[in-house]
Q: 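The structure that follows is given in the form of structure tokens.
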Amino acid sequence: MFIPNLLSAESGSESIVRARIVVVEDEPDLRDAVAEYLGASGYDVATAESAAAARTLLETQSFHLAILDIAMPGEDGLSFGRWLRSKTPIGIIYATAAGTALDRIVGLELGADDYIVKPYELREVLARVRSVLRRVPQPAEPQAAKPEAASAGRRMSFGSFHADLDGRLVTGANGAVVDMAKSEFDVLEVFLTRANRLLTRAAISEAIGFVEDPESSRAVDIRIMRLRKKIETDPANPKFLRTVRGEGYIFSLPTGEGN
């Protein structure tokens with residue numbers, strides 16, 4: 001059974017943290033319906049009628065996931081989501097009107113984790129929320145200093161890059177951190193842990209927890225395109241993340257690398 005909570009380690013034991021969601025939607029009936037449904041499913045839900053109201057909420061609260069309507073008066077959801085992603089590793093689901101494929105593509109290019117098309121079923125919202133929450137890290141919370149973990153964690157290298165899979169961090173040759181959205185790191189982790197293996201788009205979608213739908217392939221392609229821009233010297237002629245025409249992708253890792 002799925003439990004809508006996240007586990008956090010504290011002093012060697014596990015404590016339950018209820019996943020916190022903010023719903024930013026200017027239609028009051030829809031906003032209330034989504035909040036009530038997710039609340040009944042076990043989540044802590046806050047609501048805001050605009051991006052400005054959501055910014056006020058974020059001054060005193062942290063969230064694991066935001067559901068953002070794209071077409072809102074004032075600051076739109078895409079602009080707010082871009083700002084939000086620059087501040088926190090929060091999961092983002094965009095809500096867009098039917099037929100506005102461009103909004104969905106732009107949202108994915110900005111680092112969104114998923115989207116839903118209006119009018120939508122509340123059960124679909126719940127399914128997508130569960131999918132994204134499986135992948136998001138917990139927001140930072142003030143806490144007492146803890147001793148460093150004894151284990152170095154899972155670390156891999158490729159070319160001049162170093163990836164800390166547990167810390168979800170990628171650094172370059174000079175030690176500079178590579179600015180990478182959570183969705184991009186999700187895809188990179190799939191490839192690093194399955195290096196030199198052909199992966200279909202369907203396999204990648206399943207590995208990162210995408211809800212199956214006709215746009216999944218396009219969403220995977222967008223994430224790979226963004227990832228190439230950050231790890232390839234020449235994204236048009238990739239050294240690592242290569243396309244196998246008609247089949248999928250393969251992450252080429254020379255023998256001896258990766259440890």
Q: Can you tell me if Glu36 has over 12 outside heavy atoms packed within less than 6.0 Å of its CD?
A: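 Count not over threshold, so no.
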Q: How about Tyr43 and Leu126: do any of their side-chain heavy atoms sit closer than 4.5 Å?
A: yes
Q: Does Phe161 reach the side chain of Ile231, with side-chain heavy atoms less than 4.5 Å apart?
A: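 Counting from C-beta outward, Phe161 and Ile231 do come under 4.5 Å.
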Q: Where is the tightest heavy-atom contact between Val45 and Gly39, given as atom of each residue plus distance?
A: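 Distance-wise, the nearest heavy atoms are CG2-N, 3.8 Å.
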Q: State, yes or no, whether a side-chain contact exists between Leu241 and Ile250 at a heavy-atom distance under 4.5 Å.
A: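 No, side chains not in contact.
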Q: Given 3.5 Å as the limit, does a donor-acceptor pair link the side chain of Lys230 with the main chain of Val178, or not?
A: no
Q: How close do Val220 and Ser205 get, counting heavy atoms only, and between which atoms?
A: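 Where Val220 meets Ser205 most closely, the heavy atoms are CG2-OG, 3.3 Å.
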Q: Can you find a side-chain donor-acceptor pair between Asp32 and Tyr37 that sits under 3.5 Å?
A: no
Q: Stepwise, does the side chain to side chain contact (heavy atoms under 4.5 Å, CB included) test hold for Ile92 with Phe80?
A: CA-CA 11 Å; Ile92 295 177; Phe80 177 63; over 6 Å; no
Q: For Arg201 versus Tyr249, what's the shortest heavy-atom pair and its separation?
A: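 Heavy atoms of Arg201 and Tyr249 come nearest at NH2-OH, 3.6 Å.
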Q: Side chains of Phe63 and Ile21: closer than 4.5 Å at any heavy-atom pair?
A: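 No. Closest side-chain heavy atoms not under 4.5 Å.
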Q: Ion pair present between Glu27 and Lys118, side-chain N to carboxylate O less than 4.0 angstrom?
A: yes
Q: Do Asp166 and Asp164 pass the side chain to side chain contact (heavy atoms under 4.5 Å, CB included) test, and can you show the C-alpha distance, the side-chain angles, and the key distance before you say yes or no?
A: CA-CA 6 Å; Asp166 292 326; Asp164 178 352; 3.9 Å; yes
Q: Please examine the side chains of Ile93 and Leu68, heavy atoms only from C-beta on, and report whether any two atoms are closer than 4.5 Å.
A: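 When only atoms from C-beta onward are counted, Ile93 and Leu68 do not touch, as no gap falls below 4.5 Å.
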Q: Using a strict 4.0 Å threshold on nitrogen-to-oxygen distance, state whether Asp186 and Lys182 make a salt bridge.
A: yes
Q: Could you tell me whether Asp113 and Arg134 have a side-chain N and a carboxylate O separated by less than 4.0 Å?
A: no
Q: Taking atom types as modelled and ignoring hydrogens, do the side chains of His162 and Thr171 form a donor-acceptor contact shorter than 3.5 angstrom?
A: no
Q: Tell me, do Thr193 and Leu165 make a side-chain contact under 4.5 Å, heavy atoms counted?
A: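 Sidechains of Leu165 and Thr193: in contact.
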Q: Check each of Asp234, Asn237, Thr243 against Arg228 using the side chain to side chain contact (heavy atoms under 4.5 Å, CB included) test, and report the only one that passes.
A: Thr243
Q: Take Val129 and Ile67 through the test side chain to side chain contact (heavy atoms under 4.5 Å, CB included) and record every step on the way to the result.
A: CA-CA 9 Å; Val129 164; Ile67 301 175; 3.9 Å; yes
Q: Step by step, would you call Val170 with Val177 a side chain to side chain contact (heavy atoms under 4.5 Å, CB included)?
A: CA-CA 6 Å; Val170 177; Val177 174; over 6 Å; no
Q: Say whether, by atom type as modelled, one donor and one acceptor occur between the side chain of Arg31 and the main chain of Thr47 under 3.5 angstrom.
A: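 No, because the side chain of Arg31 does not come within donor-acceptor range (under 3.5 Å) of the backbone of Thr47.
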Q: Within this structure, what is the CD-CG distance for the pair Glu49 and Asp26, rounded to the nearest 0.5 Å?
A: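 If we round to the nearest 0.5 Å, Glu49:CD and Asp26:CG are 9.5 Å apart.
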Q: Measuring from atom CZ of Arg128 to atom OH of Tyr115, what distance do you get when rounded to the nearest 0.5 angstrom?
A: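 One gets 6.5 Å once the value is rounded to the nearest 0.5 Å.
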Q: Has Glu232 got a side-chain atom pairing as donor or acceptor with Lys239's backbone, closer than 3.5 angstrom?
A: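 Looks like yes, one N/O pair under 3.5 Å.
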Q: Could you grab the distance from atom CD1 of Ile90 to atom CZ of Arg85, nearest 0.5 Å is fine?
A: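 Atom-to-atom, Ile90:CD1 and Arg85:CZ are 8.5 Å apart.
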Q: Report the distance from atom CG of Asp114 to atom CD of Glu124, rounding to the nearest 0.5 Å.
A: 8.5 Å
Q: Is there a path from Val22 to Trp83 through hydrophobic residues (I, L, V, M, F, W, Y) whose side chains come within less than 4.5 Å of each other?
A: yes
Q: Is the shortest side-chain N to carboxylate O distance from Asp44 to Arg20 below 4.0 Å?
A: no
Q: Looking at Asp69 and Ala95, what are the two nearest heavy atoms and their distance?
A: OD1-O, 3.4 Å
Q: Is the distance between the ring centroids of Phe158 and Phe251 under 6.0 Å?
A: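 Ring centres of Phe251 and Phe158 closer than 6.0 Å.
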Q: Can you name the closest pair of heavy atoms from Ala48 and Ala54 and give their distance?
A: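 Residues Ala48 and Ala54, closest heavy atoms: CB-N, 3.6 Å.
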Q: State, with a plain yes or no, whether a side-chain heavy atom of Arg168 is found less than 4.5 Å away from one of Glu189.
A: yes
Q: Between Glu59 and Arg55, is there a side-chain N and carboxylate O pair less than 4.0 Å apart?
A: no
Q: At their closest point, which heavy atom of Leu227 faces which heavy atom of Val187, and how far apart are they?
A: CD2-CG1, 4.1 Å
Q: Return yes if some donor-acceptor pair links the side-chain N/O of Thr56 with the main-chain N/O of Ala52 below 3.5 Å, else return no.
A: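 Flag set: sc Thr56 to bb Ala52 pair under 3.5 Å.
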Q: Salt bridge check, Arg226 against Glu184: does any charged N sit closer than 4.0 Å to a carboxylate O?
A: yes
Q: Are Ser50 and Val24 side-chain neighbours, meaning at least one heavy-atom pair lies under 4.5 Å?
A: no
Q: Taking atom CG of Leu253 and atom OG of Ser157, what is their separation to the nearest 0.5 Å?
A: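 Those atoms lie 9.0 Å apart.
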Q: With rounding to the nearest 0.5 angstrom, report the OG to CD1 distance, Ser79 to Ile70.
A: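 Ser79 OG to Ile70 CD1: 12.0 Å, rounded to 0.5 Å.
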